[in-house]
Amino acid sequence: MPSIGRLTYLDAPPRVAARQGRQQETLLLIHGFPLGARMWEPQLTLAEHGWRIVVPQLRGFDGTPGDPPVQSVDDYAGDIIDLLDGLRIDEAVIGGLSMGGYITFALFRLAASYFRGMVLADTRPQGDSAEGLEGRRRMLTLVREKGAAAVADEMLPRLLGESARGDQRVVDRTRALIEANAPETIAGAIRALMTRPDSTPLLSSIHCPTLIVVGEEDVITPPKLSEDMHRAVAGSELVVIRQAGHLSNLEQPDAFNAVLARFLEHRV
Ligand code: MLT
């Protein structure tokens, strides 16, 4: 993968010319926790619709411990701003899944002018509840004592919906994405997630075209949270993906891509 600043990234150039009268446009997708850029591989085919697809590997998720380690979701967002500047991209459709959504909110708070549109997949604006923070502390202990494989064991049943849990290819792919990460990287991300602010007050200031997608079987950020976001973001579009859990883009890539392609084609 090429690198700019602190980040390596996947870069799929558009496979067809930009639509007539339109400039070359970029879709930037931010990965979830505790996965990696390659979770977005099924979406790279969107380059066939004339979009450049850029997928950053967040700091530390490239197998190196991350130097210096992140302290907050704003650190992740700052790295992405450096990447956009390094690639000379002034404006893009920017989005992410789950933690990628939390970072999308941080990026919007820091630098809204980069947003041509926004994609919020299986995510939520709220910070962690007291119960959620307790779960994070348990996960910190688990990753320090038992490593990434134990985190995969713990998270897989909740990351994947009941329909995908029986699909060995999706299970194996998700496990491999998690196990590729160093325990320090996962621990650093947990600490960043624990300190993220509540982004709910931001929602009413989002005025770019916004797509909200959620798997109907998502138990980590259930559809109800997406319905609430949809009501709070003026003019947003909400799509529920059937037979998908929290990793809707990996579990139902064709349905996810069809929704995203339609949004890019008609709403942005
Ligand atoms: C993710 O998919 O990024 C995580 O489930 C987010 C979280 O744990 O809040």
Side-chain angles (χ1 to χ4, degrees), residues 29-43 55-61 70 72-77 80 94-107 119-143 148 150-161 164-165 170-171 173-181 183 185-200 212-215 217-226 228-229 241 244-253 256:
L29 294 170
I30 309 170
H31 66 78
F33 166 86
L35 303 154
R38 293 196 186 282
M39 69 163 268
W40 289 114
E41 271 174 346
Q43 279 64 54
V55 183
Q57 183 85 286
L58 295 172
R59 195 192 309 178
F61 283 81
V70 289
S72 67
V73 287
D74 285 11
D75 287 344
Y76 288 131
I80 294 172
I94 300 174
L97 184 139
S98 199
M99 174 178 77
Y102 312 158
I103 296 167
T104 299
F105 289 131
L107 235 159
V119 178
L120 299 168
D122 298 277
T123 193
R124 62 184 155 151
Q126 300 82 5
D128 285 342
S129 62
E131 193 190 349
L133 287 172
E134 199 41 53
R136 301 272 189 219
R137 287 187 202 102
R138 281 197 301 273
M139 188 75 77
L140 268 177
T141 307
L142 183 72
V143 73
V151 172
D153 291 341
E154 173 81 16
M155 289 195 72
L156 272 168
R158 286 170 54 74
L159 283 173
L160 300 177
R165 283 201 291 274
V170 176
V171 174
R173 184 176 198 169
T174 310
R175 175 177 286 283
L177 284 164
I178 298 173
E179 292 187 358
N181 293 316
T185 297
I186 296 178
I190 294 172
R191 285 191 294 270
L193 294 181
M194 289 173 83
T195 57
R196 75 186 191 280
D198 180 9
S199 293
T200 312
I212 300 169
V213 194
V214 65
E217 300 168 5
D218 185 342
V219 292
I220 296 181
T221 49
K224 163 81 172 68
L225 296 175
S226 287
D228 294 345
M229 276 198 295
I241 309 269
H246 188 58
L247 303 183
S248 55
N249 74 305
L250 274 179
E251 295 175 49
Q252 293 294 345
F256 189 97

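In each ligand, atom 1 is the first atom listed, and ligand 1 is the first ligand listed. Side chains are part of it too, since the values below use all heavy atoms of this structure and drop only hydrogens, waters and symmetry mates.
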Worksheet entry | Residues in the immediate environment of ligand 1 (any heavy atom closer than 4.0 angstrom) | G32, F33, S98, M99, Y102, R124, R136, I220, H246
Worksheet item: Are side-chain heavy atoms of V170 and L247 found at a separation under 4.5 Å?
Response: no
Fill in: Side-chain donor-acceptor pair present, D198, T200, cut-off under 3.5 Å
yes
Item to complete: Could you walk me through whether I178 and L159 pass the side chain to side chain contact (heavy atoms under 4.5 Å, CB included) test, one step at a time?
Response: CA-CA 11 Å; I178 298 173; L159 283 173; 3.9 Å; yes
Response to the item:
For R136, the salt bridge (Lys or Arg N to Asp or Glu O under 4.0 Å) test, sequence neighbours excluded, returns D128
Worksheet item: Taking NZ, NE, NH1 and NH2 as the nitrogens, is one of them in E154 or R138 under 4.0 Å from a carboxylate oxygen of the other?
Response: no
Discussion item. With a 4.0 Å cut-off on N to O distance, would you call R175 and D153 a salt bridge?
Written reply: yes
